[in-house]
Amino acid sequence: MIAPPKPPQSHLQYASLQARDGIRLLDADIRLAFREFGEASPDKPSILLLHGTPVASSAMVGLATRLSARHHVLVPDLPGFGGSAQPLEDYSSLTHGLYMADWLRQRGRHPVHVIAYSQGGAAAIKLTADYPSLTQSLTLIATIGVQELELFGNYTMNHAVYAGQLTLLRGAQWLLPHFGALDDIILGTGYARNLTDTDQRPLRDMLTRVQAPTIIVHGRDDGLVPFAAAEEHHRLIAQSTLTSFDGGHELAYAKPGVL
């Protein structure tokens, strides 16, 4: 069970997008919440900055603020997260990529530079590989990618774990008297649906089709996405550069000044 959409919040802006179930468009709309940093102008390049899971755009404020000195920065709450949390048919990161393409076309000001963190990398890879006219460059910060280097490296085993996690979270929401207290927890059902709905197997082919200039930034001590994943993504994107840093998975939002 996903809580109804939150009331509008003054620090967020909102857009309306046609709902999706993968490539299939549905006869309904969803609300997309986002933050905007810096002024949109012809002489200021635009950046689309994508968060990971289970966080939302709030985790990217530090990095967005630094980038906004020279750029116009858009930071959405990806569907199912933050101010965009609401019941959805499909919470997958690849569908997030489709939503981002829809939003950029709706706004009419593109192409953009895409910067993605962690799980947001799957959406960014989908967007950049399949909609090259909407993007100028790609930066992947500690992002997921190929299935073989995610968790156990096996789709079936990984999704058995994710499905079990989702079942436990749903059970807690239905069976425990919580009076709404569990609706906003960071490790909620939106997070679990994002992992369960996402199929990383197509990402290997998508990575080979990315034509935009690409920078891959990854911590050598990342305990969630191994550095070997960054090396493989670098190999698959022929024109990419790989930069490593001392640290783990959280550096994009914990210490944005080092990036």
Could you check if a side-chain atom of [X] sits within less than 4.5 angstrom of a side-chain atom of [Y], using non-hydrogen atoms only?
X	Y	value
Met100	Leu78	yes
Tyr117	Leu63	no
Thr65	Val73	no
Ser118	Leu224	no

So if you build clusters from Ile, Leu, Val, Met, Phe, Trp, Tyr with side-chain heavy-atom gaps below 4.5 Å, do [X] and [Y] land together?
X	Y	value
Val146	Met157	yes
Val114	Leu74	yes
Leu48	Ile237	yes
Val225	Val210	no
Val217	Ile144	no

Shortest non-hydrogen contact from [X] toward [Y]:
X	Y	answer
Leu49	Pro76	O-CD, 3.4 Å
Leu94	Ala122	CD2-O, 3.8 Å
Gln86	Ile30	NE2-CA, 3.6 Å
Tyr191	Thr53	CD1-OG1, 3.2 Å

Would you check if the side chain of [X] reaches a backbone N or O of [Y] as a donor-acceptor pair within less than 3.5 Å?
X	Y	result
Asn158	Glu150	yes
Thr196	Arg193	no
Ser93	Thr198	no
Ser244	Arg220	no
Gln9	Gly83	no

Among residues at least two apart in sequence or on other chains, which ones pass side-chain contact (heavy atoms from CB on, under 4.5 Å) with [X]?
X	result
Ala238	none
Ser41	Asp43, Lys44
Ala123	Leu50, His96
Arg209	Ala129, Asp130, Asp205, Met206

Tell me the ring-ring contact (aromatic ring centres under 6.0 Å, His included) pairs involving residues 202-231, sequence neighbours left out? none
Find the distance between [atom1] ([X]) and [atom2] ([Y]) and round it off to the nearest 0.5 Å.
X	Y	atom1	atom2	value
His110	Leu104	NE2	CG	7.0 Å
Leu207	His234	CG	NE2	12.5 Å
Glu89	Asp197	CD	CG	10.0 Å

Among residues at least two apart in sequence or on other chains, which ones pass side-chain hydrogen bond (donor to acceptor under 3.5 Å, both in side chains) with Asp29? none
Listed partners of Thr214 passing side-chain hydrogen bond (donor to acceptor under 3.5 Å, both in side chains), at least two apart: none
Please list every donor-acceptor pair under 3.5 Å in which a side-chain atom of residues 32-40 meets a protein atom from a residue at least two apart or in another chain.
from: Arg35; atom 1: NE; to: Ser57; atom 2: OG; distance (Å): 2.7
from: Glu36; atom 1: OE1; to: Gln13; atom 2: NE2; distance (Å): 3.0
from: Glu36; atom 1: OE2; to: His72; atom 2: NE2; distance (Å): 2.6

Between side-chain atoms of residues 131-142 and protein atoms elsewhere (two or more places apart, or another chain), which donor-acceptor pairs fall under 3.5 Å?
from: Gln136; atom 1: NE2; to: Pro111; atom 2: O; distance (Å): 3.2
from: Ser137; atom 1: OG; to: His113; atom 2: ND1; distance (Å): 2.6

Tell me every residue that passes ring pair (Phe, Tyr, Trp, His ring centres under 6.0 Å) with His159, counting only those two or more places apart in sequence or in another chain. Tyr155, Tyr162
What residues, two or more places apart in sequence or in another chain, satisfy ring pair (Phe, Tyr, Trp, His ring centres under 6.0 Å) together with His51? Phe81
Can you list, pair by pair, the side-chain donor-acceptor contacts under 3.5 Å of residues 15-23, counting residues two or more places apart and other chains?
from: Gln18; atom 1: NE2; to: Leu26; atom 2: O; distance (Å): 3.0
from: Arg20; atom 1: NE; to: Asp102; atom 2: OD2; distance (Å): 2.7
from: Arg20; atom 1: NH1; to: Gly22; atom 2: O; distance (Å): 3.4
from: Arg20; atom 1: NH1; to: Ile23; atom 2: O; distance (Å): 3.3
from: Arg20; atom 1: NH2; to: Asp102; atom 2: OD1; distance (Å): 3.1
from: Arg20; atom 1: NH2; to: Asp102; atom 2: OD2; distance (Å): 3.4
from: Asp21; atom 1: OD2; to: Arg24; atom 2: NH2; distance (Å): 3.3

Test Arg204 against every option in His233, Glu148, Gln147 by the side chain to side chain donor-acceptor pair (under 3.5 Å) rule and name the one that passes. Glu148
